[in-house]
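Written below as structure tokens is the structure these notes are about.
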Number of protein chains: 2
Amino acid sequence: MAIEIERKFLLVSDAWRALISRSETFRQGYLSNTKRASVRVRIADEMATLNIKGMTLGVQRAEYEYTLPLPDAMELLDQLCERPLIEKTRHFVEFGGKLWEIDEFHGDNAGLIVAEVELDSSDEVIIMPPWAGNDVSHLERYYNVRLTQYPYSQWSAEERG
Amino acid sequence: MAIEIERKFLLVSDAWRALISRSETFRQGYLSNTKRASVRVRIADEMATLNIKGMTLGVQRAEYEYTLPLPDAMELLDQLCERPLIEKTRHFVEFGGKLWEIDEFHGDNAGLIVAEVELDSSDEVIIMPPWAGNDVSHLERYYNVRLTQYPYSQWSAEERG
């Protein structure tokens, strides 16, 4: 098991787009949405993984990840995962010595863009980029697993912040 | 993906016990209980697996299985799987040229014993052992994933058949 410590921010400008080093297309879905755990199937550039995460709210979560045969992953996404699937482009941006992952959502979640950074410890101090806005790490509605149940297209203006 | 075709029966006598070739102890739990799929973690005699099954009712179900590192499986069972876990002893019995698996449940499902046989095709004719009773293949309450939500100890006399 790995403990994942990450923080998630909204974006206040498009300035990060000039800093993209590479981008990947993700197609993913969830086999589970229980209160204890999420089980995610993801295809990212022909690489398929199964990921299990504890649903403890906040920045620190237990995480397990395994590779899957690509044909299995395609069947699981097409037949067994919850609807809608999550489709997004992940852009990688280096800033202040950290690798930021900026997720730009498509489909039912089009319009949503969030920036994530992984910390080495829960008290690590990070240099905030000028394009990063509100910290939404603790807001459950931004969890990808929630975006399949309550997609961004249905959020109120208040919820979009 | 494999398509699993199996039938499940109640037992009408203990005569099968004389035919046991070997037995294994299973400890298993579910990460998921959605309408589409179940995700099961199982430890059977130090071997750990993750199993994904489509929840289509009946005898024929899509199934995927992967091995897991044993320490991961122990953490997943202890921390992330739904309560109660399923604990059972699986007895293997040969009858009429088929391998029958007889599951004797413990814990919250103590008292429940079912016999399962896997078919090569959905129209295969099997020789019924004298100790096999009612066919319960289509009854959802006998699914292991349901036994974590509604264990045998809570069933009515009618439900126990």
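Per chain, numbering begins at 1; letters A, B, ... match sequence-line order.
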Check your understanding: Is the shortest heavy-atom distance from the side chain of Tyr66(B) to the side chain of Leu50(A) under 4.5 Å?
Key -> no

Review point. Where do Leu80(B) and Arg36(A) come nearest, in terms of heavy atoms and distance?
Key: O-CB, 3.4 Å

Exercise for review: Using the rule that two of Ile, Leu, Val, Met, Phe, Trp, Tyr join whenever any of their side-chain heavy atoms come within less than 4.5 Å, decide whether Leu119(B) and Leu99(B) are in one cluster.
Suggested key: no

Check your understanding: Under a single-linkage definition using a 4.5 Å side-chain heavy-atom cutoff for Ile, Leu, Val, Met, Phe, Trp and Tyr, are Ile113(A) and Phe92(A) assigned to the same hydrophobic cluster?
Key -> no

Review point. Quick one: CD1 on Ile52(B) to CG on Leu76(A), what's the gap to the nearest 0.5 Å?
Key: 5.0 Å

Review point. Can you say whether Pro71(A) sits under 4.5 Å from chain B via the side chain, the backbone, both, or neither, judging by heavy atoms?
Key: neither

Practice item. Using the rule that two of Ile, Leu, Val, Met, Phe, Trp, Tyr join whenever any of their side-chain heavy atoms come within less than 4.5 Å, decide whether Leu68(B) and Leu70(B) are in one cluster. Key: yes

Review point. Just wondering, are more than 12 heavy atoms of other shown residues or ligands nearer than 6.0 Å to CD in Gln154(B)?
Key: yes

